[in-house]
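Below: one structure, written as structure tokens.
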Number of protein chains: 2
Amino acid sequence: MNLIEVFKAIGDENRIRILNLLIKEELCVCEIETVLDITQSNASRHLNKLKSAGIIISYKKAQWVYYQIDANFKDRYNLLYQFLESEISKNPQCIKDTERLCKYKNSSFTCEQLREDKSQVLEYLKG
Amino acid sequence: MNLIEVFKAIGDENRIRILNLLIKEELCVCEIETVLDITQSNASRHLNKLKSAGIIISYKKAQWVYYQIDANFKDRYNLLYQFLESEISKNPQCIKDTERLCKYKNSSFTCEQLREDKSQVLEYLKG
DNA sequence: TTATTATATGAGTATAATTGAATATAATAA
DNA sequence: TTATTATATTCAATTATACTCATATAATAA
């Protein structure tokens, strides 16, 4: 966990968007790519950068990989985390993303649904 | 002052080093380039990035341009500023830079001296 | 005025970061 | 076992960033 690496990791729109979601709750890669509407490889890459910087951690459940904010990061870089939590919620793109996340969470869709028909979920989140 | 732009601006070694100095006190470009031992154009460019991001401001005194932390930034992004102030002092490179800054400040060298013989000042700071 | 000088900027180059498409890997399901 | 699938990774292309050298600009000094 290096100061410059952490700032570099946070200083990117896609990664800020991912952090915005993970601050709310842990999510698996397929959920993140769906809510943010970005490609799978792109989501995976950005998650890896955040993980390398020590901001998030991951664990496997069945075939899915779940990501969440690293408690050590919250603890060790607490002021930064508090700042991020507070400011990220004011970012226009993050506000939209949060709405999409809530919509997804309030629906009955699951990772299995995403596998079977992702376009259906995307259509639901759009309308 | 945009969140991502601010993080991008801070996420660079030379700019972190500059911020470390400016957190201690306002400095002009020729002092920054001397203490950090970087080229003039490089210092100027990084200062401009920090200024564009809304982190620092500048004013002219005679032929010198002095930079300092923007009070609005300190105020508006207070948690981030506090975090930065606290963490930056633990960075190995910044610790060395701070020593050089103190050495420079404790000497009788001025911007005029830097003009007349910069290499002499650099030699003093090295030894 | 001209000379000097502190800083900023332009052009070119080198390096790093981001991306999509395709493929590899590791796990589950049949 | 083989087929499927979620995620990670590689490759190639693009874009962004950082750096150096040279020059422009704006101010002071003579």
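Each chain gets a letter, A, B and so on, in the order the sequences are listed, and its residues count up from 1. Remember, it's a predicted structure, so these values are computed and weren't measured experimentally.
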Query raised in the report: Heavy-atom distance under 4.5 Å between the side chains of B:Trp64 and B:Val29, does that happen here?
Result: no
Query raised in the report: Just checking A:Lys49: base, sugar-phosphate only, or nothing, at a heavy-atom cut-off of under 4.0 Å?
Result: sugar-phosphate
Query raised in the report: Rounded to the nearest Å, what distance is computed from the CG atom of residue B:Leu50 to the C1' atom of nucleotide D:dT17?
Result: 14 Å
Query raised in the report: Which residues in residues 10-27 of chain B have at least one heavy atom lying under 4.0 Å from any atom of DNA chain D?
Result: B:Asp12, B:Asn14, B:Arg15
Report summary line: Hits for side chain to side chain contact (heavy atoms under 4.5 Å, CB included) against B:Ile57, two or more places apart or cross-chain, chain-then-number order -> B:Gln68, B:Asp70
Query raised in the report: Whole Å only: how far is the NZ atom of A:Lys8 from the C1' atom of D:dA16?
Result: 12 Å
Requested in this report: State whether the number of non-hydrogen atoms from other residues, nucleotides or ligands found under 6.0 Å of B:Lys96 atom NZ is greater than 12.
Outcome: no
Between the protein and nucleotides 3-8 of chain C, which nitrogen or oxygen pairs are less than 3.5 angstrom apart?
from, atom 1, to, atom 2, distance (Å)
C:dA6, O4', B:Gln63, O, 3.4
C:dT7, OP1, B:Val29, N, 3.3
C:dT7, OP1, B:Val65, N, 3.2
C:dT7, OP2, B:Cys30, N, 2.9
C:dA8, OP1, B:Tyr67, OH, 2.6
C:dA8, OP2, B:Ser44, OG, 2.9
C:dA8, N7, B:Gln40, NE2, 2.9
C:dA8, N6, B:Gln40, OE1, 3.1

Query raised in the report: Got a sec, which hydrophobics cluster with B:Ile95, joining ILVMFWY side chains under 4.5 Å apart, including via others?
Result: none
Query raised in the report: Has the side chain of A:Arg45 got a donor or acceptor atom that lies under 3.5 Å from a matching backbone atom of A:Gln40?
Result: no
What pairs of donor and acceptor atoms, side-chain ones from residues 78-87 of chain B against any protein atom, are under 3.5 angstrom apart with sequence neighbours left out?
from, atom 1, to, atom 2, distance (Å)
B:Asn78, OD1, B:Gln82, NE2, 2.5
B:Asn78, ND2, B:Lys74, O, 3.2
B:Glu87, OE2, A:Arg76, NH1, 3.0
B:Glu87, OE2, B:Lys90, NZ, 3.0

Query raised in the report: About how many Å separate CD of A:Glu25 and CD of A:Glu31, when rounded to the nearest 0.5 Å?
Result: 8.0 Å
**Report entry** A:Gln93 and A:Asp97 side chains, donor-acceptor separation under 3.5 Å
**Finding:** yes
Query raised in the report: With a 4.0 Å cut-off on heavy atoms, is B:Lys61 in touch with a base, just the backbone sugar-phosphate, or nothing at all?
Result: nothing
Requested in this report: Using the side chain to side chain contact (heavy atoms under 4.5 Å, CB included) rule, pick out the option among A:Leu36, A:Val35, A:Asn106 that qualifies with A:Leu101.
Outcome: A:Val35
Query - Heavy-atom donor-acceptor pair, B:Gln113 side chain to B:Thr110 backbone, under 3.5 Å - result: yes
Query - C:dT19 OP1/OP2 closer than 4.0 Å to side-chain N/O of A:His46 - result: yes
Requested in this report: Report the distance from atom CD1 of A:Ile32 to atom C1' of D:dA8, rounded to the nearest whole Å.
Outcome: 14 Å
**Report entry** Dot-bracket notation for DNA chain D, counting Watson-Crick and G-U pairs under 3.5 Å, with | for partners on another strand
**Finding:** ||||||||||||||||||||||||||||||
Query raised in the report: Just how far, in rounded Å, is P of C:dT15 from CG of B:Asn42?
Result: 15 Å
